[in-house]
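One structure is given here, and the rest of the page talks about it.
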Amino acid sequence: MSPAETVHVPLDGGRAYDILVGRGLLAGIGPRVAELGARAVAVVSDTTVAGLYGEAVLGSLREAGLRAGLVTVAPGEGSKSYATLAAVCDGLLAERIERRDLVLALGGGVVGDLAGFAAAILRRGVRFVQAPTSLLAQVDSSVGGKTGINSPHGKNLVGAFHQPVLVLADTATLDSLTPREMRAGYAEVAKYGLIDDPAFFAWCEARFGEIFAGGPARETAVAACCRAKAGVVVRDEREDGERALLNLGHTFAHALERLTNYDSARLVHGEAVAIGLALAFRFSARLGLCPGQEAGRVANHLALAGLPTTLRAVPGGCGDADSLLDAMRQDKKVRDGALTFILARGIGRSFIAPGIDPGEVRAFLADELERDPRS
Ligand SMILES: NC(=O)c1ccc[n+]([C@@H]2O[C@H](COP(=O)([O-])OP(=O)(O)OC[C@H]3O[C@@H](n4cnc5c(N)ncnc54)[C@H](O)[C@@H]3O)[C@@H](O)[C@H]2O)c1
Ligand SMILES: O=C(O)C(=O)C[C@@H](O)[C@H](O)[C@H](O)COP(=O)(O)O
Ligand SMILES: [Zn+2]
């Protein structure tokens, strides 16, 4: 099966790779991985995804002459932990994955971040392939080489930059995603428009239903997001500058994920991002940077897509303003103790705002905690 779209990521030092996007690509994953020159492959997946696609992937790899084994973890954000990382590393060693072999992450962003980090540290670094199966992973987490796990101190605080050697996004796998996980992934799709592409945001407003339903708009959206992210990553791989824009909404989102104990039953990353995007725009409006009408348009669209947009929409609550502010102090964009936010002058006009006054943030959060979740 030939891909509907190929996005090239032209990193230097022999680290360039392709992102293949199309329906049905998993069936042909074996020959594509065999071309990479490994002898053995360890597929890392969660039990849900392994149950759906594990046998087909292992079969395709074996048919292509590769030795292939499977390492599984429990589904959900809780697996981005020290304990699961240790279990995955030992599972890969038990599979006798050597330095020239491959790790293949088959699953959503949790599996991709976890397996990618295990690959980064196993025998001091083995190559890995991303086969993302959630919308979020296809449009965001499988691209760009950020890998890692969570700490009780904060989200993604332990990790490494480790680029995949291939990304293979089979958009047909999204047909088995739950509606909740599809909506969550959509928050990161909308994010690309909000960062710097107002025309893409307007396209999303008009076509988001088709992305959810499947069909050509889905591949178009996945490839557009991958193209946008690849461009940023090539210009600023290690987030010395521009890449921080991809963090729009995430200072709020990561604090919420920590305060809900990374409990996917309460809040998943994409839902936290949706709340974070709405907050980033409302905070920008409060600071007089962005018209309130634009902030309203953002929240309305996310709500129309079935996403939460307020702090009080977090099931079980998310703590008070001080707890939220305290969680934000561990954000990786903090410089010399000062908070950095990604703010916006309007839709598609985001920018990096260092040195934000914590008092302003605290007052904003206190007001937001009073906001009706239906508003
Ligand atoms: N590295 C990065 O650049 C980056 C970018 C964005 C997000 N992330 C991380 O990604 C994670 C979130 O990823 P996610 O939203 O994919 O969550 P996830 O990996 O937990 O997957 C969501 C759920 O969907 C299930 N699932 C996945 N694919 C499926 C399919 N095809 N059919 C049926 N069920 C399927 C999984 O079992 C899981 O229960 C977070 O940890 C976030 O921090 C990383
Ligand atoms: O790739 C990036 O850079 C991003 O910021 C993408 C985000 O959507 C993603 O959630 C990422 O994991 C956040 O990175 P972090 O450095 O804030 O942990
Ligand atoms: Zn994200």
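Each ligand, and each atom within it, is numbered from 1 in the order the structure gives. We're numbering straight along the sequence, starting at 1.
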Nearest neighbour in protein (non-hydrogen) for [atom]:
| atom | result |
| --- | --- |
| atom 3 (O) of ligand 1 | K229 NZ, 3.1 Å |
| atom 15 (P) of ligand 2 | K332 NZ, 3.4 Å |
| atom 10 (O) of ligand 1 | G109 CA, 3.3 Å |

Ligand 1 contacted by V268 (non-hydrogen, < 4.0 Å): no
Strictly under 4.0 Å, does any heavy atom of E257 approach an atom of ligand 1? no
Candidates S350, S284, C290 - the one meeting side-chain contact (heavy atoms from CB on, under 4.5 Å) with L343: S284
Could you check which N/O/S atom of E188 is closest to the Zn ion (ligand 3)? OE2
Ligand 1-proximal atoms of L136, by part, heavy-atom distance under 4.0 Å: side chain
dist E271:CD -> T260:OG1 (nearest 0.5 Å) comes out at 9.5 Å
Distance, nearest 0.5 Å, that separates CG of L25 from OG of S60: 11.0 Å
Classify the side-chain pair E219/T171 by whether it contains a donor and acceptor separated by less than 3.5 Å. yes
Nitrogen or oxygen of V143 less than 3.5 angstrom from that of ligand 1: no
